[in-house]
Amino acid sequence: MKKHILVIPGDGIGPEVTAWGKAVLEQIASQYGHEFTYDEALMGHAGIEATGNPLPDETLEKAKASDAILFGAIGHIKYDNDPSAKVRPEQGLLKIRKELGLYANLRPIMLFDELLDASSLKPAVLRGTDILFFRELTGDVYFGEKSRSEDRNTASDLMIYHRYEVERIAHKAYQAAQARSKRLCSVDKANVLESSRLWREVVQEIAKQYPDVETEHMFIDNAAMQLVKNPKKFDVVLTANLFGDILTDEASQIAGSMGMLASASVGDGTGFFEPIHGSAHDIAGQDKANPLASILSVALMLEISFGLKDEAKRITTAIDHVLKAGYRTGDIADTLTQPDKILGTKAMGEMVLQFLSKPALT
Ligand code: IPM
Ligand code: MG
């Protein structure tokens with residue numbers, strides 16, 4: 001298979017983890033006889049530094065011309081404590097989501113048994129958890145009108161949804177639920193918000209087209225609580241942009257660390273694959289970041305954008321073996337980890353490549 005992949009390393013730890021995602025793509029290509037070509041582009045703080053624009057035009061052009069995009073992370077501490085900054089790294093990510101029509105963000109909460117002790121939650125609560133979040137990605141307060149009064153003392157962000165926006169992501173989530181355990185939980189705040197009442201109304205209508213899927217509606221506050229109380233009760237979770245942003249960070253703790261979670265943003269065109277973690281400037285350039293989320297993002301790319309299920313499975317199996325052999329990055333190490341098995345970014349990346357190349361990997 002021939003594919004052209006755009007790599008956008010981004011900011012902070014983005015470049016160091018993305019390098020390993022790309023290395024895994026290269027290895028898979030040579031093992032399975034695929035021909036992947038690559039290009040690279042700037043976004044976020046890196047884009048601002050080079051061009052003044054968090055999403056340079058050239059990046060957008062390259063993105064549109066590619067078959068899939070592997071992205072690292074975005075953000076810079078410089079802006080976090082400067083609310084007055086007009087140009088911000090995150091604008092690059094939001095703009096590319098909008099421009100590419102990436103309205104559905106899939107965030108699987110995949111649990112490796114070996115990491116049960118790395119979570120702050122009890123292993124008995126976690127065991128068997130397997131959740132797939134569908135976070136809406138191009139609507140909500142993220143893109144609603146923003147305003148600030150002239151005296152600067154009042155501000156607002158419009159929480160807005162259109163029927164079609166809810167419909168199209170609901171269909172995607174229901175189709176996924178049909179292929180999984182046929183349970184879907186839609187999360188909203190319909191007891192307070194009008195946009196959530198529209199959300200619920202539309203999901204109720206779409207549900208009728210999927211009678212084999214059992215639907216539950218839950219308020220966001222309750223969902224946030226249930227997620228740590230009994231994560232196993234969830235399978236497919238469908239929710240809006242802001243609620244999904246918050247719930248998936250919470251859910252990352254089920255998987256042991258933010259460093260383990262990958263995500264796929266899809267819509268009508270090119271798919272966009274990225275770890276859910278941020279730029280983590282505090283550890284950038286120190287060979288401490290966990291590259292597994294980027295590598296798992298590559299597995300999602302192979303499966304979702306290219307339909308290469310075996311190749312994707314091989315990557316998750318290789319990671320499973322690496323973890324079973326006791327290797328950990330600092331963020332997923334626990335008291336049982338042997339100190340000499342705590343690896344840096346590079347050593348962990350190399351370890352995955354080594355296991356990937358084993359002929360018998362089951
Ligand atoms: C995410 C991130 C982004 C978001 C930020 C960096 C704009 O937190 O992808 O979850 O809020 O969507
Ligand atoms: Mg987030």
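Quick caveat: nothing in here was measured; it's all calculated off a predicted structure. Both ligands and their constituent atoms are indexed starting at 1 by order of listing.
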**Study point:** Protein N/O/S count near the Mg ion (ligand 2) (criterion: distance under 2.8 Å)
**Key:** 1

Exercise for review: Begin with the C-alpha distance, continue with both residues' side-chain angles, and end with the deciding distance and a verdict on salt bridge (charged side-chain N to carboxylate O under 4.0 Å, His left out) for R97 and E274.
Suggested key: CA-CA 12 Å; R97 286 174 178 169; E274 60 171 317; 3.5 Å; yes

Review point. Going by heavy atoms in the side chains, are H277 and N290 under 4.5 Å from each other?
Key: no

Review point. What about Y210 and H171, are their ring centers closer than 6.0 Å?
Key: yes

Practice item. Compute the ring centroids of F273 and F71, then answer whether they are less than 6.0 Å apart. Key: no

Exercise for review: Output all residues satisfying salt bridge (Lys or Arg N to Asp or Glu O under 4.0 Å) with D80, sequence neighbours left out; order by chain, then residue number.
Suggested key: none

Study note, to complete from the structure: Given the options D245, I160, L137, Y142 meets side chain to side chain contact (heavy atoms under 4.5 Å, CB included) only with D245

Exercise for review: Check whether the side chains of T248 and R107 place a donor and an acceptor atom closer than 3.5 Å, and report yes or no.
Suggested key: yes

Review point. For ligand 1, what are the residues with a heavy-atom contact below 4.0 Å?
Key: I74, E90, R97, R107, R135, Y142, D245

Check your understanding: Do the ring centers of F36 and F306 come within less than 6.0 Å of each other?
Key -> yes

**Study point:** Partner residues of E350 under the salt bridge (Lys or Arg N to Asp or Glu O under 4.0 Å) criterion, sequence neighbours left out
**Key:** K346

